[in-house]
Amino acid sequence: MVNLTTQARVKEHLGGMASAPAATLAIIDQLIVAASASFERYLRRRVLEAAFTEVIYAREGKRVYALNAYPVVSVTSLKFATQNVFTASTAIATTGYSVDLEGGFVRFQPYSAPFFGAGYLEVIGVGGMGTDTADFIVNFPDIAQAADEQIAYAYMRRTNPGGNITFTGGATQHTSEHDYLKGVMRTLEKHRRRGL
């Protein structure tokens, strides 16, 4: 897994925190890891750019499939099998499909093997959103900024996650539960993987 931002960026978002104690930095680091994992699950994409093997259920007549490791650097093998076992399958000729590298879609030509019947596709390649945290920040600065905002918010709300608060004298106030900020949600929605 790749962290989507750095401790230095979050500290800057929180106003610098030049002389923050080790315990505070440990909390920030923990929030970065948690938010990065949460963002990756929500995006439904593979963040770390690396070699992947993805198995996709192929429906009869369907010609376009979305990969979760995109942008795609390359696809080195694509196989089709009626069962989820590919040892006896031969790779589909590259003339039978095209790959949208930026969008992460495999598009089959009419009358290629997966177009005829249901089964499974095995896609082997390289893809993902960044090779490391620095690369991710360069490639997706808006998501990194959203992570900074969400983590800073989580840090400030860590002692008050939501619910009823009773003050001296019996007054009660309800505070909203801790959740993704609206601006963060808008950013994540722009990059979320859409199934086809």
Side-chain angles (χ1 to χ4, degrees), residues 1-5 32-147 150 179-196:
M1 192 187 87
V2 173
N3 286 336
L4 307 189
T5 189
I32 289 171
V33 170
S36 297
S38 177
F39 276 31
E40 183 169 16
R41 281 191 304 275
Y42 188 82
L43 289 168
R44 296 170 42 196
R45 295 172 65 175
R46 184 174 287 116
V47 171
L48 177 63
E49 182 184 302
F52 68 86
T53 299
E54 190 170 339
V55 176
I56 304 169
Y57 176 70
R59 293 199 310 265
E60 184 172 0
K62 185 174 178 182
R63 291 180 48 210
V64 181
Y65 295 88
L67 303 174
N68 67 16
Y70 72 95
V72 176
V73 176
S74 62
V75 169
T76 55
S77 173
L78 201 156
K79 295 180 179 181
F80 173 77
T82 54
Q83 302 294 321
N84 190 0
V85 179
F86 301 93
T87 51
S89 299
T90 56
I92 298 169
T94 55
T95 56
Y97 65 92
S98 62
V99 181
D100 176 343
L101 298 177
E102 188 63 30
F105 297 106
V106 174
R107 196 171 270 107
F108 288 96
Q109 304 301 330
Y111 314 113
S112 59
F115 186 68
F116 289 126
Y120 295 88
L121 297 170
E122 179 191 64
V123 185
I124 299 174
V126 176
M129 301 174 79
T131 55
D132 57 23
T133 300
D135 187 45
F136 177 85
I137 292 169
V138 169
N139 293 337
F140 297 92
D142 56 338
I143 299 177
Q145 176 68 24
Q150 190 66 42
D179 202 354
Y180 283 151
L181 299 169
K182 287 181 183 176
V184 168
M185 283 297 296
R186 282 193 296 271
T187 298
L188 294 179
E189 281 296 323
K190 287 192 303 186
H191 296 279
R192 193 175 195 206
R193 174 182 173 235
R194 306 295 175 201
L196 286 179

Quick one, [X] and [Y] - any side-chain contact, counting heavy atoms below 4.5 Å?
X	Y	answer
Gln150	Leu181	yes
Arg45	Pro71	yes
Leu101	Val73	no
Lys190	Asp142	yes
Glu122	Thr53	yes
Phe108	Leu121	yes

Which distance, rounded to the nearest 0.5 Å, do you find between the [atom1] of [X] and the [atom2] of [Y]?
X	Y	atom1	atom2	result
Leu43	Leu188	CG	CG	5.0 Å
Thr187	Phe140	OG1	CZ	12.5 Å
Leu78	Glu54	CG	CD	10.5 Å
Phe39	His191	CZ	NE2	11.0 Å
Leu48	Phe136	CG	CZ	11.5 Å
Asn68	Arg46	CG	CZ	4.5 Å

Pair Leu4-Glu40, side chain to side chain contact (heavy atoms under 4.5 Å, CB included): steps then yes or no: CA-CA 9 Å; Leu4 307 189; Glu40 183 169 16; 5.9 Å; no
Taking all non-hydrogen atoms of both residues, which atom of [X] and which atom of [Y] are closest, and how far apart?
X	Y	answer
Tyr65	Tyr57	CE2-O, 3.5 Å
Thr95	Gln109	O-CG, 3.3 Å
Val2	Asp132	CG1-C, 3.6 Å
Arg193	Leu67	NE-O, 3.4 Å
Asn84	Tyr120	N-CD1, 3.6 Å
Val85	Ala81	O-CB, 3.4 Å

More than 12 heavy atoms of other residues, nucleotides or ligands under 6.0 Å from CD of Glu102: yes or no?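 No, not enclosed.
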Just wondering, more than 12 heavy atoms not from Arg186 lying within 6.0 Å of its CZ?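 It does not: Arg186 CZ has 12 such atoms or fewer within range.
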Ignoring hydrogens and geometry, is there a side-chain-to-backbone donor-acceptor pair from Thr76 to Ile124 under 3.5 Å? yes
I'd like to know if the side chain of Asn3 reaches the main chain of Thr133, judged simply by a donor and an acceptor atom lying under 3.5 Å from each other, with no hydrogens or angles considered.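 Side chain of Asn3 to backbone of Thr133: no pair is present.
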Would you please test Phe52 and Tyr70 for ring-ring contact (aromatic ring centres under 6.0 Å, His included) and show each step? CA-CA 11 Å; Phe52 68 86; Tyr70 72 95; over 10 Å; no
